[in-house]
Amino acid sequence: MQIITTKQALQQAVENCKKANQTIGLVPTMGALHEGHASLVRRAVEENDVCFVSVFVNPTQFNNKEDLAKYPRNIERDAELLRGIGAQYVFAPTPEEMYSAEEMNTTFSFDFNGLDAVMEGKMRPGHFNGVVQVVSRLFYLVQPDRAYFGEKDYQQLAIIHHMVERSSMAGTFGNLQIIGCPIVREESGLALSSRNERLSAEEKQTALGISKTLFASLEWAKEQGATVAAVQQRVIDAINAINGLEVEYYEIVDQTTLLPTDSFNHAIGCVTVYCGPVRLIDNIKY
Ligand code: PAF
């Protein structure tokens, strides 16, 4: 496995793959890799001739400097995991290599057709602009045939789908396929997240209340006369009743448009919860 830190070396590696007619799978990550990322990389290795993984804590998608500073980083451990899975290339640039000073300080703006006006987009203004800025740059540099993203960040996945499908961009990324992969959970139900590393043992136990409540809500949705609004409120109340958890939002929306829905059909519930100082997200499909 080769670790690449410059755009030039990355483009050279990509050119070599293209010349050899090899298909390329890309897994964009911010490092602090866990079994959730590993599942994406395994799939990329299986489905493509060559697998590139980017490890880059993207400063432009953080609207909270403290969150950026505290984001866990461990490239040696990440590299070991990726080598074990069989990824061929890891792209781990510095922010200065990735962006010019101007790019770092200007807000990249993109038309999300309203997909960013709800949930994470509403709570973290500018976040998805930063995500699309880095992801589109990675697509441009790596020219992947397939790119893999976890469904835990469901709104991010919907936005990336939209970016790639948007008519004015059609053709920009060739026949790139965006592949969403299911959430990986601990046996306890807790959704794997790099942020879990910041939870104390006690907080981790408390955080189980999130997935437990989401799973229970699948049953609540089947109860006679259950409405989306009532289930949504019941989830919020149940999580807030757990000492140490505070819901930022829980919204049951349509899986494609991310707009509020009054039917459980094709619906997904997306939650963000503070567990102490750590902001955790999770979701459940009805
Ligand atoms: O999901 C993530 O880890 C990041 O948002 C991504 C897609 C790697 C872009 O920085």
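Ligands are counted one by one from 1 in listed order, and the atoms in each one are counted from 1 as well. Note that the structure is predicted; figures quoted are calculated from it, not measured. Hydrogens, waters and symmetry mates are skipped; everything else that's a heavy atom, side chains included, is used.
- Heavy-atom proximity to Thr29, at under 4.0 Å, picks out these atoms of ligand 1: 8 (C).
- For atom 5 (O) of ligand 1, the nearest non-hydrogen atom of the protein is Gln156 OE1, 2.7 Å.
- In this structure, the side chains of Ile252 and Ile268 stay at 4.5 Å or more apart for every pair of heavy atoms.
- The atoms of ligand 1 that sit less than 4.0 Å from any heavy atom of Pro28 are 8 (C).
- Side chains of Pro144 and Phe52 form no contact here, defined as non-hydrogen atoms less than 4.5 Å apart.
- Taking only non-hydrogen atoms, the option from His127, Met30, Gln61 nearest to atom 9 (C) of ligand 1 is Gln61.
- Near Val134, meaning under 4.0 Å from one of its heavy atoms, ligand 1 places the atoms 9 (C), 10 (O).
- Within the 4.5 Å cutoff, the side chain of Phe264 has heavy atoms near those of the Val231 side chain.
- Side-chain atoms of Asn129 and Ser109 form no donor-acceptor pair, as typed in the model, at a separation below 3.5 Å.
- Between Arg137 and Glu103 there is a salt bridge, since at least one side-chain N of the basic residue sits less than 4.0 Å from a carboxylate O of the acidic one.
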